[in-house]
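Taking it in order: structure first as structure tokens, then the write-up.
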There are 2 protein chains.
Amino acid sequence: MAKRPGSRRRTIKDVAAEANVAISTASLALNGKGYVSQDTRKRVLEAAKRLDYVPQPAARQLVTQETGNVGFVLRADHFTRSEPFYTRVFLGAEFEAEQHDRYVLLATIPEQYVPGEHSPRFLRQRNVDGILVAGKVAPAFLAEVEASGLPVVLIDFEKDHLPNVVVDNQAGARSAVDHLLGLGHQRISFVGADMEHPAVASRLDGYRLALSAAGLPSDPSLILAKSGGNPDRETGKQLGERLLALEPRPTAVFCVNDATALGVLDTAKKHDVSVPRSLSIIGFDDVTGAQTSIPSLTTVRVYKEQLGELALRYLAELMGGAEQHSDRYQRGFHDIKLPTELVVRNSTARREGDHE
Amino acid sequence: MAKRPGSRRRTIKDVAAEANVAISTASLALNGKGYVSQDTRKRVLEAAKRLDYVPQPAARQLVTQETGNVGFVLRADHFTRSEPFYTRVFLGAEFEAEQHDRYVLLATIPEQYVPGEHSPRFLRQRNVDGILVAGKVAPAFLAEVEASGLPVVLIDFEKDHLPNVVVDNQAGARSAVDHLLGLGHQRISFVGADMEHPAVASRLDGYRLALSAAGLPSDPSLILAKSGGNPDRETGKQLGERLLALEPRPTAVFCVNDATALGVLDTAKKHDVSVPRSLSIIGFDDVTGAQTSIPSLTTVRVYKEQLGELALRYLAELMGGAEQHSDRYQRGFHDIKLPTELVVRNSTARREGDHE
DNA sequence: CTGAAAGCGCTTACAG
DNA sequence: CTGAAAGCGCTTACAG
């Protein structure tokens, strides 16, 4: 088990010798390629196990001209924000990569990306076979990735015709607002920021669809949005102030994510507005903090690990399939949309005075 | 810039041809090794730049028998907890690795580690030249790492005589308690969990030292500790209840970290105990949530990125220096201790009724 | 079905 | 100071 100093690493040569076959036969047997008799294969596999043989990645990489790595890129501020959304996405990707016997190289880039300066090293060195990009990033970065010619899959973000794996934001938002409607609410506000973000835009669409499907007018004054900026807790606090100042005050609010929802909750507490009695609040994402807030937050759960898993699987398909398929037929990129799940907790309740 | 399909990757052969030298000379010039004339070196470097040459890591790895990678291991629950402490440590290590032209491979392990089953893949495949371990991990894992013979540096944790980079927990705790003493507090409680954790134990030491240096007795009933478990927000809430029940009630509390401090704050709010008027609370770490809580949290700042940076630099020394030094003289491992910084915010105040 | 040989792109003694 | 050659550990045509 332990590699004592001096116990040279085993090579395929050792395995071949041990199994009494040529190196090439050992390679074939080990990789399950070509024609190798049952008996020989078994002998080789046993020899490998007996010698505790582990192939050296570098040697294979040199001949196959593949690196065995995939890059995972996200903005540093997304990686270190207090609720670990993309961290979980990363873990999902890493888990799936393990199944494909690939390593994931993580790189963070700043929000304000400058191509030459901030390029991930694995891009410059071409030390990956494909790239996952999580969340919103600067267009300049995506342009650089596209120019590299490497296969890429976006996660939780969309851009042009790049392959992506996203959450079904519209359906999720709709289920959230339907939940509020079902509780008798009619005056339902929307709180959000970064409205150009595709996910945010889709959630707003879902909000509107739910209202119109219920025959309710869409009142623009109920839509509270900071056009720029990020949908974080601070933004939630600020928009919460505007929400509470509305006349008449909405009885419920759909927030574009949990962070803003928690911010609105902060503001409600500050003004002694009881949640959920006087104001129902619903978020989106189901981050850890949604369970521990007081009251706990009703929200729309996103399966974060699964986002990463599916993205890596998709990327593997793009990487592996490239040579095999490109000549046979044209492959269209497809978008993958992950369903969400409504999680009802204690921040939403039947509208005061409403009787079913 | 863009790698158009068909524009084969440049190799050292291309560079040598372009510069009119032998491959070996090109290699020497590129790596700044051996004797190469000024003029030749310049010609090679220019040729490389002109051709946009990037060495292929796999080829070098094959001959040097180094992987160019370092492993970064931490517990999954530490990675995904809501405040990104180790995420920042990782970023610091990754940043420093870039300077050393190395890649960082991240692996998470479960709290309950089972050697065969949960071993990081890069350990099994020996695809790293050294390992960083962040935070507390199962002894079984450390045993496995030691058995591998790979150089290792622990971060924010200590075990036997393994090299480590830690925070100066004792001095930090002492500065925290000194701060409270300076505000006139005498009855100061300690809140913590996982008391066997070296960092936790050191913080308790610091607490005791500060009290005894001030000539105050150390009252065991003031030390509130959950022996097992993790020092998280939930624990803080629970111990907060015990704290408020003490007779007479302490006027200040030093919490072993920010998470427990925020938990105590939750409980204080629940019982309408005004912070800092009736109770001063101080934490440790300075996580993001310490700035945004109401009131904001006085705490002891830990330089998280720097922990990672220093650890990687230390590891690089162990990896690179191994062959060069081992025969010449014995090198002792040294511990690296990072100073902290007291950050005074709004959760601590002069003791009620105390006059300077 | 199996073996001998070439070659991936580098680095490193070794001659000169 | 520079070049020719060997070799790192694999995979992959190509013979047989």
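Each chain gets a letter, A, B and so on, in the order its sequence line appears, and its residues count up from 1.
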#### Entry: Under 3.5 Å donor-acceptor pair, A:Ser24 side-chain atoms to C:dA4 base atoms
yes
### Query
Does a nitrogen or oxygen in the side chain of A:Gln65 sit under 4.0 Å from OP1 or OP2 of C:dG9?
yes
### Summary
Against the side chain of B:Ala59, the closest entry in D:dC10, C:dC10, C:dA4 is C:dC10
### Task
Report the distance from atom NZ of B:Lys13 to atom P of C:dG7, rounded to the nearest whole Å.
9 Å
### Query
At what distance, to the nearest 0.5 angstrom, does OG of B:Ser148 lie from CD1 of B:Ile131?
5.0 Å
### Task
Rounded to the nearest angstrom, tell me the gap between atom CD in A:Glu66 and atom P in C:dG9.
14 Å
### Query
Given that B:Val21 and A:Thr25 both sit by DNA chain D, which one's nearest nucleotide is further toward the 5' end?
B:Val21
### Message
Can you classify the ring geometry of B:His118 versus B:Tyr113 as parallel (below 30°), tilted (30 to 60°) or perpendicular (above 60°)?
### Response
tilted
### Query
Counting only Watson-Crick or G-U wobble pairs whose two distances fall under 3.5 Å, which nucleotide matches C:dA4?
none
### Task
Both distances under 3.5 Å, Watson-Crick or G-U wobble: report the partner of C:dA13, or none.
none
### Message
Whether B:Lys136 and B:Asp156 form a salt bridge (side-chain N of Lys/Arg under 4.0 Å from carboxylate O of Asp/Glu) is what I want to check.
### Response
no
### Summary
Testing C:dG3, D:dT2, C:dT11 for proximity to the side chain of B:Ser37, the answer is D:dT2
### Message
Can you give me the closest heavy-atom contact between A:Ala58 and B:Leu62, atom names plus distance?
### Response
CB-N, 4.1 Å
### Task
Looking only at side-chain atoms of A:Asn31, point me to the closest of D:dG3, D:dT11, C:dA4.
D:dT11
### Task
Go through C:dC10, C:dG9, D:dC1 for me and flag the one nearest to the B:Leu62 side chain.
C:dG9
#### Entry: Spacing of B:Gln56 atom CD relative to C:dG7 atom C1', expressed in whole Å
13 Å
### Task
Measure from the side-chain heavy atoms of B:Tyr53 and tell me the nearest of D:dT11, D:dG3, C:dC10.
C:dC10
### Task
Send over the distance from A:Arg9 CZ to D:dC10 C1', rounded to a whole Å.
12 Å
### Message
How many whole angstroms separate atom CG of A:Leu28 from atom P of D:dT12?
### Response
9 Å
### Query
Which of the following nucleotides, C:dC1, C:dG3, C:dT12, is nearest to the side chain of A:Thr40?
C:dC1
### Message
So that I can tick it off, tell me whether B:Glu66 and B:Arg102 are bridged by a salt bridge, with the cut-off set at under 4.0 angstrom between side-chain N and carboxylate O.
### Response
yes
### 5' precedence on DNA chain C between B:Ala58 and B:Lys33 (nearest-nucleotide basis)
B:Ala58
### Message
Please determine whether side chain to side chain contact (heavy atoms under 4.5 Å, CB included) holds for the pair A:Ile336 and A:Val153, giving the CA-CA distance in whole Å, both sets of side-chain angles, and the decisive distance to 0.1 Å.
### Response
CA-CA 10 Å; A:Ile336 296 179; A:Val153 173; over 6 Å; no
### Task
Please tell me which of the listed nucleotides, C:dC10, D:dT11, C:dG3, lies nearest to the side chain of A:Ser27?
D:dT11
### Task
Could you check which of C:dC10, C:dA4, D:dC10 has an atom nearest any side-chain atom of B:Ile12?
C:dC10
### Task
Find the distance B:Gln38:CD to D:dT2:P and express it as a whole number of Å.
11 Å
### Query
Roughly, in whole Å, what's the span from CD1 in B:Ile23 to C1' in C:dG9?
9 Å
### Query
To the nearest angstrom, how far is B:Tyr35 atom OH from D:dG3 atom C1'?
18 Å
